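Before any comments, here is the structure.
Letters go in sequence order (proteins before strands), and every chain restarts at 1. Keep in mind that this is a model prediction, so the values were computed, not measured.
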There are 2 protein chains.
Amino acid sequence: MAQLDTIVERNRPLTKGDHLYRQHDNFKSIFAVRSGSFKSYVLNSSGEGRVTGFYLPGEIIGLDGIADHSHANSAIALEHASICEIPFNQLESLSLQLPVLQHNFFSIMGAEITKDQKVHTLLSSYSAEQRITSFLLGLSSRYARVGLSATRFNLPMTRGDIGEYLGLTVETVSRLLTALQKKGVLAVANREIELKDIEALKQIVGADAL
Amino acid sequence: MAQLDTIVERNRPLTKGDHLYRQHDNFKSIFAVRSGSFKSYVLNSSGEGRVTGFYLPGEIIGLDGIADHSHANSAIALEHASICEIPFNQLESLSLQLPVLQHNFFSIMGAEITKDQKVHTLLSSYSAEQRITSFLLGLSSRYARVGLSATRFNLPMTRGDIGEYLGLTVETVSRLLTALQKKGVLAVANREIELKDIEALKQIVGADAL
DNA sequence: CGTCAGTTTGAGCGAGCTCAACGTGAGTGG
DNA sequence: CCACTCACGTTGAGCTCGCTCAAACTGACG
């Protein structure tokens, strides 16, 4: 892993609104989020965007460019953030020498595929309430994975971003957050959220959590 | 590529309803579809399934098991089918020796990720009519890729399967196929379909085709 | 302290779902 | 070869969840 370290470039910090790359950009590197958060999105012909993913510390962003050497999404910082840039061709070369690295990278891509398929199920069969709940539980465990609180965290994205990601409107997202708060299972004030009853939230999603 | 050939196992043919693997099965191999077609699906706790993908000749199935060495989906043959089985650990070993193979496999996984993200956009922002249309155009170009007709082909899956995949009910799928037929852009009889006006279909989906 | 993006709340509407009934064709057994 | 069956498909009628449109509120930042 020390060898991986040699090819990683620690880039300058990014600030809210900075693009990491844009749709159709030439693909050169993947990025590991060190701090802060990003969203990826696509623009349709009428100029409106759809959010395709959120990326938190410890997660990998940019895999959408591997297939055809050009990014399918744009990626933008949601707040102050820093990243590690990993040039893809160097990663490939090094993977030929380090079986563990190759194996890990296959796993990372496999995990992305599995995650996307779960989102597919979520979008094709869950109600609005289940989508929001599942989304919040997902954020919770992703924050927990990097040692942050699983019950109290900040939403780095807007209600609109959440809506685009989950296939809902801003209004629906807002209304449901209020409704869940009235149920007492969570408390939300602006971007700050506290999950007060994880078990109840899991029950809303159904036995099969995301 | 001749070396890849040495690790591929050409399995016995499968018939409609045969499982290639089941959810939670230990992951051992990925499969290339040689003929016929498959669907992958997950069962939720209440026993109902959601289709997560369709696999046609020339496509790779089983990538959902790479991440945690266990399949996230079940895969079942929709008709008589044959496959090539590629043991994954052998593929990994060989990839260490053949840079081209490693590169190609990264590309294949990257393509799967890009495809899944397009489905995400489809499910989160398209109307029922756009979903069906986009789905049919997708099938069309996938059949064309292996030398079959892009305008006339058989639907190997049921209306129910299509509905589960697209997040619609059987009734909606059926109604929309009838409606599209009345518009004159396609003709459908049972499983046989003819796309009569590809341009019109693309227009329904919008400028950004899937 | 004004501005503007983001958020909330309300009222009405409609796309797609639910429930129900009927049609159809491929496979099976007599 | 026909009758039966059962999964699959179609069509209709009514309802509901989430969308649309509209208006007001909040807070961050210049």
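- Regarding A:E129, its CD atom lies at a distance of 17 Å from the P atom of D:dT16, rounded to whole Å.
- Of all non-hydrogen atoms in B:M157 and B:L78, the two that sit nearest each other are CB-CD1, 4.1 Å.
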Could you list all N or O pairs between the protein and nucleotides 25-30 of chain D that sit under 3.5 Å apart?
none

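- At a threshold of 4.5 Å between non-hydrogen side-chain atoms, the residues A:E92 and B:F106 count as touching.
- The side chain to side chain contact (heavy atoms under 4.5 Å, CB included) with B:F31 is formed by just one residue from the set B:L20, B:I60, B:L63, B:I86; it is B:L20.
- The interatomic distance linking B:Q130 (CD) with C:dA15 (C1') rounds to 13 Å, in whole Å.
- Heavy-atom distances under 4.0 Å link DNA chain C to B:T169, B:E171, B:T172, B:R175 of residues 169-187 of chain B, given in residue order.
- At distances below 3.5 Å, at least one donor-acceptor pair connects side-chain atoms of A:R131 with backbone N or O atoms of A:L166.
- In the region residues 153-167 of chain A, proximity to DNA chain C at under 4.0 angstrom, judged on heavy atoms, holds for A:T158, A:R159, A:G160.
- Among residues two or more places apart in sequence or in another chain, the salt bridge (Lys or Arg N to Asp or Glu O under 4.0 Å) test is passed with A:R142 by A:E59.
- Identified under the side-chain hydrogen bond (donor to acceptor under 3.5 Å, both in side chains) test for residues 188-197 of chain A, with sequence neighbours left out: A:R152-A:E194.
- With sequence neighbours excluded, the residues satisfying side-chain contact (heavy atoms from CB on, under 4.5 Å) with B:R12 are B:L14.
- Using a 4.5 Å heavy-atom cutoff, the side chains of B:L91 and B:I30 are in contact.
- Evaluation of the salt bridge (Lys or Arg N to Asp or Glu O under 4.0 Å) rule for B:D161 yields B:K39 as partners, not counting sequence neighbours.
- For C:dG6, the OP1/OP2 oxygens have no side-chain nitrogen or oxygen of A:R191 closer than 4.0 Å.
- Each side-chain hydrogen bond (donor to acceptor under 3.5 Å, both in side chains) pair with one or both residues in residues 73-86 of chain B, not counting sequence neighbours, appears once here: A:Q117-B:N73, B:N11-B:E85, B:K28-B:E85, B:S29-B:E85, B:S35-B:S82, B:S37-B:E79, B:T52-B:N73, B:D64-B:N73.
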Check nucleotides 12-14 of chain C for protein N or O atoms closer than 3.5 Å to its own N or O atoms and list the pairs.
none

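- Contacts of A:Y55 classified as ring-ring contact (aromatic ring centres under 6.0 Å, His included), with partners at least two apart in sequence or in another chain: none.
- Partners of A:E129 according to the side-chain contact (heavy atoms from CB on, under 4.5 Å) rule, which considers only residues two or more places apart in sequence or in another chain, are A:S127, A:T133, A:L176, A:L180, A:K183, A:I204.
- One atom, CZ of A:R131, and another, C1' of D:dC19, lie 13 Å apart when rounded to the nearest Å.
- Looking at residues two or more places apart in sequence or on another chain, you find a ring-ring contact (aromatic ring centres under 6.0 Å, His included) between B:Y143 and B:F153.
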